[in-house]
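Shown next, in structure tokens, is the structure this report addresses.
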Amino acid sequence: MNFYDNVYRIVSQIPKGKVMTYGQVAALCGSPKASRAVGYALHVNPQPGVIPCHRIVNRHGYLSGGFAFGGIDVQKLLLEQEGVFVDDEYRVELDRFLFCMNF
DNA sequence: ATCCTGACCTAGC
DNA sequence: AGCTAGGCCAGGA
């Protein structure tokens with residue numbers, strides 16, 4: 001589906017040290033309410049390594065926990081390695097690390 | 001083609 | 001402020 005391609009493209013466009021929410025990715029894909037589809041798209045994750053799924057968090061800033069690349073702990077570690085501070089409850093400060101696409 | 005499920009989001013209580 | 005219910009998009013049986 002083209003929708004998935006859009007999701008992967010947008011997620012790949014997220015810079016290092018920034019995170020994005022499912023809703024925002026869905027909105028950029030053209031369907032603001034397709035957040036579930038976004039999660040599903042990352043769930044299948046056909047290109048691990050190319051698609052930084054660890055930079056995708058939910059609206060509350062918490063890591064989803066779907067972990068399609070190893071585990072939520074790895075996700076937390078990856079975010080910390082990129083400069084994103086992750087809370088002990090697997091939460092990211094969206095106020096500081098939320099990446100907003102401004103074309 | 002229809003029904004159920006899923007890494008979500010919004011609205012109502 | 002926290003929890004529950006409903007809805008939207010796509011995929012699989």
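All values derive from a computational prediction rather than experimental measurement. In the text below, chain A, chain B and the rest are named by the order of the sequence lines, each starting its count at 1.
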inquiry  = Without decimals, in angstroms, what is the distance between A:Leu63 CG and B:dA7 P?
reply    = 15 Å

message = Hydrogens and angles aside, do A:Tyr8 and A:Asn45 bring a side-chain donor and acceptor to less than 3.5 Å of each other?
response = no

query = Which whole-number value in Å describes the distance from A:Asn45 CG to B:dA7 P?
reply = 14 Å

request  = Starting at atom CZ of A:Arg59, determine the distance to atom P of C:dC8, rounded to an integer number of angstrom.
outcome  = 20 Å

key: Of the listed nucleotides B:dA7, C:dC8, C:dA10, the one nearest the side chain of A:Tyr22   = B:dA7

task = State, yes or no, whether a side-chain contact exists between A:Val44 and A:Tyr4 at a heavy-atom distance under 4.5 Å.
result = yes

Nucleotide B:dA7, atom C1' - distance to OH of A:Tyr40 in whole Å = 11 Å

request  = Give the rounded distance in Å between these two atoms: CG of A:Leu42 and P of C:dG11.
outcome  = 13 Å

query = Of the nucleotides B:dA7, B:dC9, C:dG11, which one has an atom closest to the side chain of A:Asn58?
reply = B:dC9

request  = Give the rounded distance in Å between these two atoms: CE of A:Met1 and C1' of C:dC9.
outcome  = 9 Å

message = Using whole Å, what does the distance between atom P of nucleotide B:dA7 and atom OH of A:Tyr62 come to?
response = 18 Å

query = Starting at the 5' end of DNA chain B, which residue's closest nucleotide do you reach first, A:Ala37 or A:Thr21?
reply = A:Ala37

query = Atom CE of A:Met20 to atom C1' of B:dC9: distance rounded to whole Å?
reply = 16 Å

Identify each donor-acceptor pair in which a side-chain atom of residues 13-36 of chain A lies under 3.5 Å from a protein atom, sequence neighbours left out, and give them as a table.
unit_1  : atom_1 : unit_2  : atom_2 : d
A:Gln13 : NE2    : A:Arg9  : O      : 2.6
A:Lys18 : NZ     : A:Arg96 : O      : 3.4
A:Thr21 : OG1    : A:Gln24 : N      : 3.3
A:Tyr22 : OH     : A:Ser64 : OG     : 2.4

task = Answer whether the closest heavy-atom distance between the side chains of A:Leu77 and A:Glu80 falls below 4.5 Å.
result = yes

inquiry  = Please classify the nucleic acid contact of A:Arg36 as base, sugar-phosphate, or nothing, using heavy-atom distances under 4.0 Å.
reply    = base

Sugar-phosphate only, base, or nothing, as touched by A:Ala34 at under 4.0 Å among non-hydrogen atoms = sugar-phosphate

